[in-house]
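Down below is the structure, laid out as structure tokens.
Small disclaimer: the values here were computed from a predicted structure and weren't measured.
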Amino acid sequence: MNFSNPITLGIAALVAGLSAGAHAQSTDYNPSWYALPSISVEQPDTQVGPDKNTNGLGLRFGVPTSPTWDVQMGIAATRAPDTIPRARQMTLGVDALYMMSRGNVRPFLLIGTGVQRDEVEQASGNTAQNAAFLGAGLGVQMGINDQWGLQADFRRNHSYPDGNSLGIDRSNTNKLNFGLIYTFEKPTPARRVSYEEPRSVPMVAATPQPAPYVAPSAPLPVATPAPRFERYTLSATELFGFDSAQVQMPQPKLDEIAAALDVNRDVSAVQITGYTDRLGSPKYNQALSERRAMAVKDYLVGKGLDANRLQTAGKGEANPVVQCADTKRTALIKCLEANRRVEIEDISVQRRVQ
């Protein structure tokens, strides 16, 4: 089958978009769901329908699942009512989009699967068959503002009918889609709070102070010095990779904490609290904060400390230090760094020094 002008021009535009966006390797994205109504031009398999392009409408819903992947799912229908035989097709499927950029121009590759129904109306009667399909293609998204954008993609579907009612055992369909993206959640503007990174206070043994001399004739009790506390705070970026609970090596600060606790065996009920930033769902962040606290505990236990002396807790994305309005993911991750380093992904250990 030869490509007609709309298909050829659409593919050329997509290739140009891929080339234009290939250098924009930003990892920024808005993790909100979006709707994608679209129109399409389809080149059906001549075994199924007429040797003429058909037009159609579709509606998909998508969501970014990571800096490099989107998932889209939806329904589409095409038809050629002014031809003999008349052909109609309806598809229901899901696509995985590999995003080569998260900038304003976002080229991508796609793979997908689903089911389709082909109907052919001829003088002898109507015939229909259902089929599963696999598809692959390429496309590009372009942002207009924080909530609106455009998407164009070209794909080729290869179907496998569950029967032979149309007299074929497989068919190939080429489709060019143009859609309008509407993102449901627009980032809420918030004030950026300044933050000064805390300094780690070294754990040192207190120097004993001699008791003041008291004359025997007037003995006085020696006053007990007021207790003071030391806190050792570690940044989560020093301990883990982004979105990870695997302790990175080496960890000289954790080793120092382990050595200090080993020397001071009277210190107990040491609290280890893990936090996350707000990226991701609250349920996922809560579990991640708990895993990070437990990972630090396991590290200290591996250094010979009694596990009963260590208590862990995860607080997820609670108690943020800063609120960030950035829509670009790189800038948003940088802005939220204060949260991860202090109240969102930090580890605190206290001991009492007399």
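Side-chain contact, Y34 with Q72: a donor N or O sits under 3.5 Å from an acceptor N or O.
R106 contributes atom CZ, which lies 9.0 Å from atom CE of M142 (distance to the nearest 0.5 angstrom). Within the model, atoms OG1 of T312 and CG of L300 stand 11.5 Å from one another, a figure rounded to the nearest 0.5 Å. In this structure, OG1 in T54 is found 7.5 Å from CD in Q89, a value given to the nearest 0.5 Å. Rounding to the nearest 0.5 angstrom, the gap separating the CG atom in N174 from the CD atom in E42 is 8.5 Å. Within the model, atoms CG of D153 and CD of Q141 stand 9.0 Å from one another, a figure rounded to the nearest 0.5 Å. With values rounded to the nearest 0.5 angstrom, D277 atom CG is found 11.0 Å from S289 atom OG.
The residues E317 and R278 are annotated as not salt-bridged, no charged nitrogen and carboxylate oxygen being separated by less than 4.0 angstrom. A salt bridge does not link R292 to E290: none of the charged side-chain nitrogens sits closer than 4.0 Å to a carboxylate oxygen. A salt bridge is defined here as a Lys NZ or Arg NE, NH1 or NH2 lying under 4.0 Å from an Asp or Glu carboxylate O, and R309 with D262 fails to meet this definition. A salt bridge links R60 with D95: the distance from a Lys NZ or Arg NE/NH1/NH2 to an Asp or Glu carboxylate oxygen falls below 4.0 Å.
The backbone N or O of R88 lies less than 3.5 Å from no partner atom in the side chain of T78, so there is not a single donor-acceptor pair.
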Test side chain to side chain contact (heavy atoms under 4.5 Å, CB included) on L239 and Q251 and set out the steps. CA-CA 7 Å; L239 296 172; Q251 286 295 331; 3.2 Å; yes
What's the verdict on side chain to side chain contact (heavy atoms under 4.5 Å, CB included) for I39 and L57, showing C-alpha distance, side-chain angles and the deciding distance? CA-CA 5 Å; I39 60 175; L57 300 174; 3.6 Å; yes
Just do the side-chain hydrogen bond (donor to acceptor under 3.5 Å, both in side chains) check on Q147 and N145 with the steps written out, would you? CA-CA 6 Å; Q147 287 190 280; N145 56 35; over 6 Å; no
What do the steps show when you test S40 against K175 for side chain to side chain contact (heavy atoms under 4.5 Å, CB included), and what is the final call? CA-CA 7 Å; S40 62; K175 182 180 290 189; 4.0 Å; yes
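Applying the 6.0 Å contact sphere to CD of Q246 captures no more than 12 heavy atoms from other residues, nucleotides or ligands. The local environment of OH in Y98 is sparse, with at most 12 non-hydrogen atoms from other residues, nucleotides or ligands closer than 6.0 Å.
Shown are L110, T68, L138; of these, the side-chain contact (heavy atoms from CB on, under 4.5 Å) with L97 is made only by L110.
Hydrophobic clustering, with ILVMFWY side chains joined whenever heavy atoms are under 4.5 angstrom apart, keeps M294 apart from V247.
Between F61 and F184, the angle of the ring planes stays under 30°, which puts this pair in the parallel group of the 30/60° scheme.
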